[in-house]
Number of protein chains: 2
Amino acid sequence: MLADFNPYHHFGFLTHRVARLMDQFMEPMLKSKGYHFPVSCIGILADLWSGDGITQKELGTSMVKTKSSVNKMLEALENHGLVTKKVDPDDKRNKLIFLTAKGHEFRELLEKQSLFYQSKYLQEHSDEEINIAKSVLKSIYLNLKDKVKTAY
Amino acid sequence: MLADFNPYHHFGFLTHRVARLMDQFMEPMLKSKGYHFPVSCIGILADLWSGDGITQKELGTSMVKTKSSVNKMLEALENHGLVTKKVDPDDKRNKLIFLTAKGHEFRELLEKQSLFYQSKYLQEHSDEEINIAKSVLKSIYLNLKDKVKTAY
DNA sequence: TCCTAATAGTTCATAAATGAACTAATATTG
DNA sequence: CAATATTAGTTCATTTATGAACTATTAGGA
C-alpha cells in the first residue's frame with residue numbers, strides 16, 4: 001500500500017493553485033479600475049516593466065505562451081492604451097513592444113497590491129523564508145524556461 | 001524615477017510561469033501514455049489521491065475553479081476511466097467523486113515525474129530550502145483559499 | 001407543514017488560449 | 001545572386017474555461 005499522498009509536496013500543485021488565487025484577487029481590482037482585459041495580460045506588462053522594446057517572440061518564451069496567445073493579449077493591452085507595437089527597423093519581421101505612459105503607471109498599482117497581500121497573508125513566515133521561496137521558484141523557472149518545446 | 005522592476009520578487013509572476021512550465025513537461029508524458037485530457041485535470045486527481053469521495057463543490061474550492069469547469073474535467077477523467085461519480089445517499093444534491101483502480105495507478109506515474117524534475121532542476125538548492133519554499137506556498141494557498149468570492 | 005432560500009450539479013452560450021495554415025521578411029546555401 | 005529554408009507575426013478554426021440560466025434537492029422560517 002502506498003503512503004498518504006501529500007499535495008503540498010508538489011510544486012505543480014502549489015504553483016497552479018497559488019497562481020489562480022492571485023488571479024482571483026487581482027481581477028476585481030482590474031475591473032474596478034476600468035481595465036477589461038484578462039488577468040493573464042499582467043504577465044506581459046511585468047516583462048515590459050523589466051525592460052520594454054522586446055519582441056513578441058521573446059514575450060512568448062518568457063511567458064511560456066504561444067505566439068497566437070501573446071498576439072491576442074497584446075491586442076487587448078493595445079486597445080486599453082497600455083502598450084504599442086513598432087516594427088523593428090533592423091529586422092522588419094520583428095515588432096518591438098513598448099509601454100505607454102499609462103502602461104508604466106500601472107506598475108505602481110500592481111506593486112502596491114503585491115506588497116499588501118504578501119504582508120497580510122505571509123505573516124507566519126520570516127522575510128528570509130519568503131526570499132528563499134522566491135529564489136527556489138526563480139531557479140525552477142530559469143532552469144526549465146529554455147527547455148520547453150521550441151514551438152513557442 | 002522608479003527603481004528597476006524585478007519580476008522575481010513577485011509570487012504572481014513566479015507561480016504562473018512555473019505552473020505553465022510544469023504543464024509543458026507533463027503534457028507530452030500524458031499523451032505518450034494515451035491520456036488525451038487537459039493537463040489541468042491532474043489537479044483533480046491530486047485532490048482525490050489525498051482522499052476521494054468528495055463533492056464537486058469541494059473540488060472546485062480546492063482547485064480554485066468554477067463548478068462548470070470542474071464538471072467538464074470530471075467528464076474527461078470519467079471517459080478515461082480514472083474516476084466515477086456516485087450520488088451521495090445522505091444528500092442527493094451531492095455527487096461524490098471516487099478514483100478507479102486506474103485513477104490510483106496514475107499517482108505513481110506523477111510522483112515519479114515530480115521527483116525526477118525536482119532532483120534534476122533544483123540541484124542548487126538544499127532540501128531545507130526546497131521545503132521552506134513549499135511551506136511558504138502552502139501558507140499562501142491555505143490563507144487565501146477560503147477568501148475568494150464564493151461563486152466557486 | 002407549506003412556502004420560500006439556498007445549494008449542488010448540469011447545460012449552453014461566450015470568452016480565452018491554442019494549433020495549424022498563411023504572409024512577409026531575412027538567412028542560408030549552392 | 002537566385003532558390004530555398006527559416007523566422008516573426010497574423011488569422012482562423014478548435015479546444016478549454018467561464019458565467020448565467022436552469023433542474024433537482026435540501027434547509028429554514030412562518
Side-chain angles (χ1 to χ4, degrees), chain A residues 16-17 19-21 23-24 26-28 30-31 35-44 53-80 83-97 148-152, chain B residues 16-17 19-21 23-24 26-28 30-31 35-44 53-80 83-97 148-152:
Chain A
H16 272 98
R17 292 171 196 225
R20 285 200 50 80
L21 284 168
D23 286 349
Q24 294 300 321
M26 217 46 93
E27 209 214 74
L30 271 190
K31 287 254 161 58
Y35 294 114
H36 294 238
F37 52 76
V39 194
S40 62
C41 293
I42 296 176
I44 301 237
I54 59 179
T55 65
Q56 297 184 199
K57 167 75 174 166
E58 288 170 308
L59 280 170
T61 304
S62 167
M63 301 259 303
V64 198
K65 291 267 182 186
T66 64
K67 50 190 183 175
S68 52
S69 302
V70 170
N71 197 14
K72 202 85 206 315
M73 291 180 211
L74 286 172
E75 194 181 305
L77 291 171
E78 222 178 354
N79 290 340
H80 281 77
V83 307
T84 55
K85 293 180 174 184
K86 288 192 178 66
V87 173
D88 182 353
D90 296 333
D91 182 343
K92 288 171 192 141
R93 285 173 303 185
N94 297 341
K95 297 206 178 159
L96 305 179
I97 312 303
V148 294
K149 66 166 191 253
T150 65
Y152 282 91
Chain B
H16 273 97
R17 292 172 195 225
R20 285 198 50 79
L21 284 168
D23 286 349
Q24 293 300 322
M26 218 46 94
E27 208 215 74
L30 271 190
K31 287 254 161 60
Y35 293 114
H36 294 239
F37 51 76
V39 194
S40 62
C41 294
I42 296 176
I44 301 236
I54 58 180
T55 65
Q56 299 184 196
K57 167 76 172 164
E58 288 169 306
L59 280 170
T61 304
S62 168
M63 301 258 304
V64 199
K65 291 267 182 184
T66 64
K67 50 189 183 176
S68 51
S69 302
V70 170
N71 197 14
K72 201 85 208 311
M73 290 180 214
L74 286 172
E75 194 182 304
L77 291 171
E78 223 178 353
N79 290 339
H80 281 77
V83 308
T84 56
K85 294 180 171 185
K86 290 191 178 66
V87 172
D88 182 353
D90 296 333
D91 183 343
K92 287 171 192 140
R93 285 173 302 185
N94 298 341
K95 297 207 176 157
L96 306 179
I97 312 302
V148 294
K149 65 168 192 252
T150 64
Y152 283 92

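Letters A, B, ... mirror the listed sequences (proteins, then strands); counts begin at 1.
In the set D/dT25, C/dA24, D/dT10, the nucleotide with an atom closest to the side chain of A/Q56 is D/dT10. If you check D/dG9, C/dA25, C/dG9 against the side chain of B/K95, the one that comes closest is C/dG9. Taking the side chain of B/K65 as heavy atoms from C-beta on, and the options D/dT18, D/dA24, D/dT16, the nearest nucleotide is D/dT18. Side-chain proximity of B/T66 to the nucleotides C/dT18, D/dG9, D/dT18 is greatest for D/dT18. Of the candidates C/dA17, D/dG9, C/dA8, C/dA17 carries the atom nearest the A/M73 side chain, counting heavy atoms from C-beta on.
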CA sep, side-chain torsions, deciding dist, call: B/N71, B/K95, side chain to side chain donor-acceptor pair (under 3.5 Å): CA-CA 11 Å; B/N71 197 14; B/K95 297 207 176 157; over 6 Å; no
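If you measure from atom NZ of A/K72 to atom C1' of D/dT14, you get 14 Å, rounded to the nearest angstrom. Taking atom CG of residue B/D23 and atom P of nucleotide D/dT15, one finds them 19 Å apart after rounding to whole Å. In this structure, CG of A/D88 is placed 19 Å from P of C/dA24, rounded to the nearest angstrom. For the pair B/L59 CG and C/dT10 P, the interatomic distance rounds to 12 Å; values are reported in whole Å. Atom CD in B/E78 sits roughly 13 Å away from atom C1' in C/dG9 (whole-Å rounding). Whole-Å rounding puts the B/I44 CD1 to D/dA17 C1' distance at 12 Å. Remark: P of C/dA8 and CG of B/L74 are 15 Å apart, rounded to the nearest angstrom. Regarding A/E75, its CD atom lies at a distance of 11 Å from the P atom of D/dC12, rounded to whole Å.
Because its glycosidic torsion is within 90° of 0, C/dA5 is reported here as syn.
Along DNA chain C, the nucleotide closest to A/D90 and the one closest to A/V70 are compared, and the more 5′ of them pairs with A/V70. Between A/S69 and A/D91, the residue anchored closer to the 5' end of DNA chain C is A/S69, taking for each the nucleotide with the nearest heavy atom.
In summary, of the residues considered (B/I44, B/L77, B/L74), a side-chain contact (heavy atoms from CB on, under 4.5 Å) with B/I97 occurs for B/L74 alone. When each of A/V87, A/T55, A/T84 is checked for a side-chain contact (heavy atoms from CB on, under 4.5 Å) with A/L96, only A/T55 meets the rule.
You'll find a donor-acceptor pair under 3.5 Å spanning the side chain of B/K67 and the base of C/dG9, going by distance alone. For D/dG19, the base has a donor-acceptor partner in the side chain of B/S68 [N/O atoms by modelled type, under 3.5 angstrom].
Ring planes of A/Y35 and A/H80: tilted class, angle from 30 to 60°.
A pairwise comparison of heavy atoms in B/D90 and B/D88 identifies N-OD1, 2.9 Å as the closest pair.
Here the OG atom belonging to B/S69 is positioned 11.5 Å from the CD atom belonging to B/Q56, to the nearest 0.5 angstrom.
In this model, the phosphate group of C/dA17 is approached by a side-chain N or O of A/S40 to a distance below 4.0 Å at OP1 or OP2. In this model, the phosphate group of D/dT10 is approached by a side-chain N or O of A/N71 to a distance below 4.0 Å at OP1 or OP2. Look at B/K85 and you'll find a side-chain N or O under 4.0 angstrom from OP1 or OP2 of C/dT10. Residue B/K92 places no side-chain N or O under 4.0 Å from the OP1 or OP2 atom of C/dT7. Close to C/dT18, at under 4.0 Å from its OP1 or OP2, lies a side-chain N or O of B/R20.
B/N94 comes within 4.0 angstrom of sugar-phosphate atoms only, judged by non-hydrogen atoms across all strands, and of no base.
Pair check for D/dT25 finds C/dA6; Watson-Crick or G-U wobble, both atom distances under 3.5 Å.
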